[in-house]
Asker: 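Before anything else, here's the structure in question.
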Amino acid sequence: MAKAFLYGNGGGAGLNFKLKAYATEAALLADSPADGTFGVVTATEISGYAFVAATSEITSPATGMVAITEGTASPASYNALKKNMLNVYPTACYQYSGSSWLAKTCYVRIAGAWASLRNWLYNNGVNNDALIGGWTNQSKGTFTKNADNMFLYGANDAGASIVHGTALDLTTASVLKVKFSNTYTYSSSNCYCRMLVNSTQISGQAAYSTGAAYVNIADKTANTDAVASLNVSALTGTYYVHFGIAASTGNTMSVYIKELWTE
């Protein structure tokens, strides 16, 4: 799919979008602007915008400039032109502080409703391949890519362990979040699913590693559409996100990864 690279000061003739700043997320969600509006939660005036593959493509940005990064798929994709067709696949929103790019909460108005433009890595079947590459299983358990989730299963010392193919820069991120559901059966304490980040890909079962940072997102509790968070604010540079299931003899666990993003 082709990408659109657009620059400007918030709108223009023939363009089906504009940028609007909001003081709070609540104020943004309460508003009902025209379709194509990008709502950015910021206290800094928006001085201009750019649609790019990465913020590094922008040389000498002005303070307040907003960068909307694009991929080849997005849960907030839409047509950016009033006439003809120019599909835009926004994946994240950043604003230049004067010294660095800061991630911003952002939504896009589509068909009369707000669509969240989080820093998506994975969203209900849509993977950000351009940013993190594809996911592979590093262990013995079951890993299935479904239409709207990634399914991991582990039983009797054979737990799935997945990792993506392209390292992710976490320098500007504060937290890594995942939305998931899970079921389980167990006969001992060793039954959980771990989310961790590491500077290199972990070969084999990631569930038994701590990496650079980790959190156990599920254990002997069933969850439906739960959200777990991993603090990555102290990390700089690039890392790989792993999910691993530990399920010793007599234990089973099924985990459905539905959304994954950074803030």
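These figures come from a predicted structure and were not determined experimentally.
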Asker: Rounded to the nearest 0.5 Å, what's the gap from OH on Y96 to OG1 on T63? Could you check?
Answerer: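 OG1 of T63 is found 7.0 Å from OH of Y96.
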Asker: Using the benzene-type ring in the case of Trp, are the ring centres of F51 and Y89 under 6.0 Å apart?
Answerer: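 No, the ring of F51 stays outside the 6.0 Å limit from the ring of Y89, centre to centre.
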Asker: Please report, to 0.1 Å, the donor-acceptor pairs under 3.5 Å made by any side chain of residues 201-215, with sequence neighbours excluded.
Answerer:
unit_1: Q201; atom_1: NE2; unit_2: H164; atom_2: O; d: 2.9
unit_1: Q205; atom_1: OE1; unit_2: A207; atom_2: N; d: 2.9
unit_1: Q205; atom_1: NE2; unit_2: G159; atom_2: O; d: 2.7
unit_1: Q205; atom_1: NE2; unit_2: I245; atom_2: O; d: 2.9
unit_1: S209; atom_1: OG; unit_2: G211; atom_2: N; d: 3.2

Asker: Quick one: do L152 and V163 end up in the same hydrophobic cluster if we chain Ile, Leu, Val, Met, Phe, Trp and Tyr together by side-chain heavy atoms under 4.5 Å apart?
Answerer: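 Each belongs to a different hydrophobic cluster.
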Asker: Quick one: do F38 and I68 satisfy side chain to side chain contact (heavy atoms under 4.5 Å, CB included)? Show the steps, please.
Answerer: CA-CA 10 Å; F38 280 73; I68 307 293; 4.0 Å; yes
Asker: Do the rings of W135 and F243 sit parallel, tilted or perpendicular, given the 30° and 60° boundaries?
Answerer: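 The arrangement is tilted - the two ring planes meet at 30° to 60°.
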Asker: Please identify each residue that fulfils salt bridge (charged side-chain N to carboxylate O under 4.0 Å, His left out) with E263, with sequence neighbours left out.
Answerer: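 Here the qualifying residues are K177.
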Asker: Taking atom types as modelled, is there a side-chain donor on T252 or T185 under 3.5 Å from an acceptor on the other?
Answerer: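 Indeed, the side chains of T252 and T185 share at least one donor-acceptor pair under 3.5 Å.
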Asker: Go through it in stages, so that I can follow the logic: the residues are C93 and V40, the test is side chain to side chain contact (heavy atoms under 4.5 Å, CB included), and I'd like the CA-CA distance, side-chain angles, deciding distance and then a yes or no.
Answerer: CA-CA 8 Å; C93 178; V40 183; 4.0 Å; yes
Asker: Is there a path of hydrophobic side-chain contacts, each under 4.5 Å between heavy atoms, that joins Y153 and V178?
Answerer: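 In one cluster with Y153: V178, no.
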Asker: When rounded to the nearest 0.5 angstrom, what distance separates OH in Y22 from CG in L28?
Answerer: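 These two atoms lie 5.0 Å from each other.
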Asker: Classify the side-chain pair D148/N124 by whether it contains a donor and acceptor separated by less than 3.5 Å.
Answerer: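 No, no side-chain donor-acceptor contact under 3.5 Å.
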Asker: Return the CG to CG distance between L176 and L168, rounded to the nearest 0.5 Å.
Answerer: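 Those atoms lie 8.0 Å apart.
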Asker: State plainly whether the residues D31 and K20 are in salt-bridge range, i.e. N to O under 4.0 Å.
Answerer: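 Judged by the 4.0 Å cut-off on N to carboxylate O distance, D31 and K20 do form a salt bridge.
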Asker: Measure the spacing between CH2 of W101 and CD of Q95 and express it to the nearest 0.5 Å.
Answerer: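 These two atoms lie 8.5 Å from each other.
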Asker: I need the N128 CG to L121 CG distance, nearest 0.5 Å.
Answerer: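 The distance works out to 6.5 Å.
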Asker: Could you tell me if S174 and S233 have a donor-acceptor pair between their side chains, going purely by distance under 3.5 Å?
Answerer: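 Checked: S233/S174 side chains show no N/O donor-acceptor pair below 3.5 Å.
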Asker: How many angstroms lie between atom CZ of F143 and atom OG of S139, to the nearest 0.5 angstrom?
Answerer: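 Those atoms lie 13.0 Å apart.
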Asker: If the test is side-chain contact (heavy atoms from CB on, under 4.5 Å), which one of T262, V197, V175 qualifies with L230?
Answerer: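 Of the listed residues T262, V197, V175, the side-chain contact (heavy atoms from CB on, under 4.5 Å) partner of L230 is V197.
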Asker: Would you say the side-chain atoms of Q138 and S161 include a donor-acceptor pair closer than 3.5 Å?
Answerer: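 Q138 vs S161: no donor-acceptor pair found between side chains.
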